[in-house]
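Input: a single structure, listed below in structure tokens.
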Amino acid sequence: MRRLIMLAATTAALALPAAAFAASTDASFILPTGAGTSKAFRITAGHSGTLAVTFRFSDITNPGGRFRITLRKLSWTTPVVMMDTANRTRCQGAAGSVYCYAARPVTAGTYIVRVTKLTVKAAPVELRMSWPT
């Protein structure tokens, strides 16, 4: 009986998805009128893994909208660009919405993820992120 319980516990532990060890957030917000407006998020990665970002904006309310998502670890002096919607690579359109995806390996530490609007018109956007805890 003891072996059966240990086998069941081990099987259950191995069956846990990797996502169970990840934190995530969903945010909907409006970037106001004016080029260069931005919103920043602070995340803390507990160990090495991948930061995944899915970004959505409306191609109807903001046609030709351009956005940039950057990542900066607190110990870095300059951020790195994770996504720029200028060329729409890694983006797909559906029913007037544009969905873009980016992923980047991260190590343990605190990061700032910043969404910057590079066009003038105000834009409602959605951001979904997941990272290792």
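Remember, it's a predicted structure, so these values are computed and weren't measured experimentally.
Heavy-atom minimum distance, Ala45 versus Trp131: CA-CD1, 4.1 Å. Thr61 and Lys121 get closest at one heavy-atom pair: O-NZ, 2.8 Å. For the pair Thr70 and Pro79, the tightest heavy-atom approach, listed with the atom from each and the gap, is CB-CB, 3.9 Å.
Distance CD1/Ile69 to CZ/Phe41: 9.5 Å, rounded to 0.5 Å. Here Thr89 contributes atom OG1 and Tyr101 contributes atom OH; the two are 13.5 Å apart, rounded to the nearest 0.5 Å. One distance of note links CG of Leu74 with OG1 of Thr110; it measures 5.0 Å at 0.5 Å rounding.
At a threshold of 4.5 Å between non-hydrogen side-chain atoms, the residues Val98 and Arg56 do not count as touching. Between Phe55 and Met83 the shortest side-chain heavy-atom distance falls below 4.5 Å. Annotation: side chain of Phe57 is not in contact with side chain of Val115 (no heavy-atom distance under 4.5 Å). By the 4.5 Å heavy-atom criterion applied to side chains, Ile43 and Met129 are counted as neighbours. Side-chain contact check for Ser28 versus Glu126: some heavy-atom pair is nearer than 4.5 Å. Side chains of Phe67 and Leu118 form no contact here, defined as non-hydrogen atoms less than 4.5 Å apart. Using a 4.5 Å cut-off on side-chain heavy atoms (C-beta onward), Arg104 and Thr50 make no contact. No side-chain heavy atom of Arg72 sits less than 4.5 Å from a side-chain heavy atom of Tyr111.
Taking Arg128 as the reference, Asp26, Thr54 meet the side chain to side chain contact (heavy atoms under 4.5 Å, CB included) condition, with sequence neighbours excluded. The salt bridge (charged side-chain N to carboxylate O under 4.0 Å, His left out) search around Arg88 returns Asp59, not counting sequence neighbours.
In this structure, a donor-acceptor pair under 3.5 Å is present between the side chains of Arg114 and Ser38.
Tested against Arg68, the residues Thr85, Thr116, Asp84 include a single side chain to side chain donor-acceptor pair (under 3.5 Å) partner, Asp84. Lys73 pairs with exactly one of Ile112, Val80, Thr107 by the side chain to side chain contact (heavy atoms under 4.5 Å, CB included) rule, that one being Thr107.
Looking at Ser58, its side chain does come within 3.5 Å of a backbone N or O of Ile60 through a donor-acceptor pair. His47 places a side-chain N or O within donor-acceptor distance of the main-chain N or O of Thr133, the cut-off being under 3.5 Å. Remark: the backbone N or O of Ala122 is not paired with any side-chain donor or acceptor of Lys117 at under 3.5 angstrom.
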- Item | side chain to side chain contact (heavy atoms under 4.5 Å, CB included) between Lys39 and Leu127, worked out | CA-CA 11 Å; Lys39 182 160 179 77; Leu127 180 70; over 6 Å; no
Give the intermediate values and the outcome of side chain to side chain contact (heavy atoms under 4.5 Å, CB included) for residues Asn62 and Val125. CA-CA 10 Å; Asn62 198 349; Val125 297; over 6 Å; no
